[in-house]
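Report on the structure given below.
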Amino acid sequence: MLSFPLPSASFQHEYELGMHVIEVKIILEQAEGPHDNLVDLFNSDPTEACRIEILGHKPTHFCTAKREKYLCVRVCVLIKKSSRSLKAKKMASKTAGKVIRCKAAVAWEAGKPLVMEEVEVAPPQANEVRLKILFTALCHTDVYFWEAKGQTPLFPRLFGHEAGGVVESVGEGVTDLKPGDHVLPVFTGECKECAHCKSEESNMCDLLRINTDRGVMLNDGKSRFSINGQPIYHFVGTSTFSEYTVVHVGCVAKINPAAPLDKVCVLSCGISTGLGATLNVAKPYKGSSVAVFGLGAVGLAAAEGARLAGASRIIGVDLNPKRFAEAKKFGVTEFVNPKDYDKPVQEVIVEMTNGGVDRSVECTGSISAMISAFECVHDGWGVAVLVGVPNKDDAFKTHPINLLNEKTIKGTFFGNYKPRSDLPSVVEMYMNKELELEKFITHEVPFEEINKAFEYMLKGESLRCIMRMSA
Ligand code: NAD
Ligand code: ZN
C-alpha cells in the first residue's frame with residue numbers, strides 16, 4: 001500500500017503539458033517495486049483530462065521515521081492531453097456559433113412526467129457560455145417548481161441545476177473560460193463587480209442571485225432553448241436537464257479537471273448548500289450540539305459540516321424514519337421523529353438538551369420545521385439557519401420574545417459560498433478526501449429515465465440520483 005502526497009491526477013492542473021522531472025514522497029509499508037504502483041497512481045484520473053506517461057524513476061532517499069517509512073523518488077513524466085479532451089476541443093470548433101440540436105427532458109406541464117424531446121440550443125451571447133452537460137442530478141428544488149403547488153408556474157420549462165460538464169463554446173467577452181474547461185453550473189451567480197460580490201460576507205450577487213421566476217437569459221430577455229420555434233423557459237439560469245445548455249459566465253465554476261464529474265456534480269447545489277450552511281453560517285464550535293431538520297442530501301451535508309466542525313451531539317429530525325439508518329453514516333448521533341410525540345418537536349429537543357441546542361439547521365422547506373428549528377435553539381447564544389425553500393405564501397410566525405431572549409435566526413442560499421471563488425476549493429475538499437461524496441449518491445439512471453429520479457425523490461428513497469448523459 002502506498003499513498004501519494006498530491007491528489008494523484010491533478011498534474012495537468014499543477015503542471016503544464018510536456019515533460020517534467022518531479023520529486024515525490026511515497027509513504028509505503030514495503031519499500032519495493034514502486035513502478036507499477038506509480039503508473040496506477042499517476043493515471044487514476046477517471047475523467048481522463050490528461051494522461052501521464054512515466055518515462056523513468058529513480059529512488060533518491062529512503063527513510064524510516066517513527067511512524068512511517070517513505071521513499072523519495074525522482075520521476076520523469078510526460079503529461080499529455082487525453083483523447084477525450086482533444087475530442088471535446090475538436091467538437092467545439094465544429095459547433096461553435098451554430099445552433100445545436102440535442103436531447104432534453106422538457107416539463108410541459110406542472111406535475112406531469114418530463115418528455116424527452118429534441119431541442120435547439122442557440123449559441124451563447126455576450127458573457128454567456130454553452131456547456132455540454134455530462135452528469136446531472138435531481139434536487140428537491142427542481143421537484144418543487146415542477147409540482148408548482150406553492151410556486152409561480154412557468155411552462156414549458158427545462159429544469160435541472162445540479163450538474164457537471166465541459167465548456168463547449170463561449171460568447172463574446174468571456175475570458176475566464178475556454179472550450180474544454182471542466183465546470184459546475186450554479187443556480188446563483190457571482191458577477192465579481194457588485195457590492196455583494198465585493199463584500200466578504202455576502203454571496204447575494206446583485207446581478208445573478210437566484211431568481212426562480214425568470215425563465216430567460218439576462219442579455220436579451222429571451223430563451224436559448226426552442227422546439228420548432230417555440231421557446232422553452234430556463235430554470236434558475238442553469239437548465240441542466242439538457243445535453244447542452246447556455247449559462248451566464250458568472251454562474252459557472254471552473255474546477256480541477258481531475259475531479260470526477262459524476263461525483264462532484266452534487267457539489268453544484270445540495271451538498272455545498274448544506275455543508276456551507278453549517279460551516280459558514282451556523283459555525284458550531286467544537287463540542288457543541290446541532291439539530292438538523294430534514295435528512296435529505298442537503299440536511300445530511302449539514303450534518304457532515306457539523307461533524308467536520310467537531311460537534312459532539314448531532315440530532316437528526318425527520319418525518320421519514322427510513323432516513324435514520326442512512327443518517328448514521330453521516331455522523332448523526334440521535335434521531336427525533338416529530339410524529340412520535342404529541343407535543344411540538346422543539347419542546348422535545350429543548351428537554352433532550354437541557355435548554356436547547358447550540359445550533360440548528362433547517363433543510364426541509366416546511367414552514368413548521370423552520371419555526372421548530374428556530375424555537376429549539378438555546379436562549380442567549382443559539383443560532384438557527386434556514387436553508388429549505390418555502391412555499392410562495394408561507395409566513396414565519398414566532399413570538400418576538402424568542403428574539404429578545406437572544407436566539408438568532410439566519411438564512412442562506414448556497415451555504416454562503418461564492419460560486420466562482422469558493423466552489424473550486426470545496427471540490428478540493430473532496431479530492432483531498434476530507435469530504436465523502438459517494439455516500440450521498442444512492443441512485444444512478446440514464447438521462448432518458450429521468451422520471452425514475454423524480455419517483456425516487458417523491459417516495460423519499462433517494463438522496464441523490466445521478467443521471468448520465470449518453471451523448
Ligand atoms: P429531500 O426531499 O431529499 O429532503 C427533505 C427531507 O425533509 C425529507 O427527508 C423529508 O422527510 C424531511 N421533512 C419534510 N418536512 C419535514 C418536517 N416538517 N419535519 C422534519 N422533516 C421534514 O430534499 P433536499 O434535496 O435535501 O433539499 C432540502 C431543502 O433544501 C429543500 O427545501 C430544497 O428546496 C432546499 N434547498 C435550498 C437551497 C438553498 O440554497 N437555500 C439549495 C438547495 C436546496
Ligand atoms: Zn455580483
Side-chain angles (χ1 to χ4, degrees), residues 137-147 150-151 161-162 186-199 202-210 212 236 248 250-251 266-277 281 291-303 315-324 326-327 335-340 344-346 349 360-373 376 385-391 394 410-421 440 442 453-454 456-465:
L138 180 65
C139 166
H140 218 140
T141 314
D142 296 308
V143 178
Y144 288 140
F145 284 85
W146 164 76
E147 285 178 325
Q151 315 293 349
H161 62 284
E162 216 174 86
V186 182
F187 64 88
T188 187
E190 183 185 353
C191 77
K192 294 198 173 178
E193 278 163 25
C194 71
H196 288 273
C197 287
K198 286 188 175 151
S199 151
S202 171
N203 69 344
M204 298 296 292
C205 172
D206 269 338
L207 183 70
L208 299 166
R209 75 171 64 170
I210 184 171
T212 53
V236 292
H248 192 286
C251 300
V266 296
L267 288 175
S268 115
C269 171
I271 311 307
S272 303
T273 295
L275 189 74
V281 190
V292 177
F293 284 72
L295 301 173
V298 179
L300 291 173
I315 303 171
V317 185
D318 205 298
L319 300 170
N320 177 358
K322 278 194 241 158
R323 288 282 154 100
F324 296 154
E326 198 134 43
F335 299 94
V336 177
N337 187 338
K339 285 189 193 155
D340 294 344
V345 64
Q346 51 270 49
I349 295 174
S360 76
V361 188
E362 175 281 329
C363 308
T364 67
S366 145
I367 188 69
S368 66
M370 294 180 195
I371 294 167
S372 306
C376 78
V385 177
L386 307 189
V387 176
V389 176
N391 281 342
D394 279 339
K410 293 180 170 189
T412 174
F413 270 116
F414 200 50
N416 258 47
Y417 287 119
K418 289 184 195 279
R420 294 159 92 183
S421 307
F440 289 97
T442 52
F454 276 69
Y456 295 139
M457 180 153 279
L458 288 167
K459 286 191 198 149
E461 285 174 6
S462 62
L463 288 175
R464 278 298 182 263
C465 178

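As the structure lists them, so they are numbered: ligands from 1, and atoms in each ligand from 1. Side chains are part of it too, since the values below use all heavy atoms of this structure and drop only hydrogens, waters and symmetry mates.
- With a 4.0 Å cut-off on non-hydrogen atoms, Phe413 touches ligand 1 through its backbone as well as its side chain.
- Close contacts between ligand 1 and Thr364 involve ligand atoms 7 (O), 13 (N), 14 (C), 15 (N), 16 (C), 21 (N), 22 (C), 32 (O) [criterion: under 4.0 Å to a heavy atom].
- To the nearest 10 degrees, the Zn ion (ligand 2) sees SG of Cys197 and SG of Cys191 at an angle of 110°.
- With a heavy-atom cut-off of 4.0 Å, His140 touches ligand 1 through backbone and side chain alike.
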Stepwise, does the salt bridge (Lys or Arg N to Asp or Glu O under 4.0 Å) test hold for Lys198 with Glu193? CA-CA 6 Å; Lys198 286 188 175 151; Glu193 278 163 25; over 6 Å; no
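- In the vicinity of Arg323, heavy-atom distances shorter than 4.0 Å reach the ligand 1 atoms 3 (O), 4 (O), 8 (C), 9 (O).
- No N or O atom of Pro338 sits closer than 3.5 Å to an N or O atom of ligand 1.
- At the top of the distance list for atom 32 (O) of ligand 1, counting protein heavy atoms only, stands Val389 N, 3.1 Å.
- With 2.8 Å as the limit, His196 does not count as an N, O or S neighbour of the Zn ion (ligand 2).
- Within ligand 1, counting atoms from 1 as listed, the ones closer than 4.0 Å to a heavy atom of Phe187 are 40 (O).
- At a heavy-atom cutoff of 4.0 Å, ligand 1 is contacted by the side chain of Tyr144 but not by its backbone.
- Using modelled atom types and a 3.5 Å distance limit, the side chains of Glu362 and Thr364 yield a donor-acceptor pair.
- Angle SG(Cys194) to the Zn ion (ligand 2) to SG(Cys205), rounded to 10°: 120°.
- Using a 4.0 Å cut-off between heavy atoms, Ser372 makes no contact with ligand 1 at all.
- Closest protein heavy atom to atom 4 (O) of ligand 1: Gly296 CA, 3.3 Å.
- Applying the 4.0 Å criterion to heavy atoms of Ser366 picks out, from ligand 1, the atoms 15 (N), 18 (N).
- Contact check for Cys251 versus Phe187: no side-chain heavy atoms found under the 4.5 Å cut-off.
- Near Arg464, meaning under 4.0 Å from any of its heavy atoms, are these atoms of ligand 1: 25 (O).
- Protein heavy atom nearest atom 41 (N) of ligand 1, with residue, atom name and distance: Val387 O, 2.8 Å.
- Closest heavy-atom approach to atom 36 (N) of ligand 1 within the set Asn320, Thr141, Asn203, Thr273: this belongs to Thr141.
- Annotation: Cys269 places no N or O atom under 3.5 Å from an N or O atom of ligand 1; distance criterion only.
- For a threshold of 3.5 Å applied to N or O pairs, the pair formed by Cys139 and ligand 1 contains no separation below that value.
- Among Gly388, Gly415, Ser462, the residue whose heavy atom lies closest to atom 30 (O) of ligand 1 is Gly388.
- If you look at Thr412 next to ligand 1, the close heavy atoms, those under 4.0 Å, all belong to the backbone.
- Between the CG atom of Asp142 and the CZ atom of Phe454 there is a distance of 6.0 Å, given to the nearest 0.5 Å.
- Distances from atom 11 (O) of ligand 1 to the heavy atoms of Asn391, Asp318, Leu319 show the closest one on Asp318.
- Against a heavy-atom cut-off of under 4.0 Å, Cys363 is close to the following atoms of ligand 1: 5 (C), 28 (C), 29 (C).
- Shortest contact from atom 7 (O) of ligand 1 to any protein heavy atom: Gly294 CA, 3.4 Å.
- Residue contacts with ligand 1 for Lys339 are absent, since no atom lies close enough (heavy atoms, distance under 4.0 Å).
- Here the protein heavy atom with the shortest distance to atom 27 (O) of ligand 1 is Val298 CG2, 3.5 Å.
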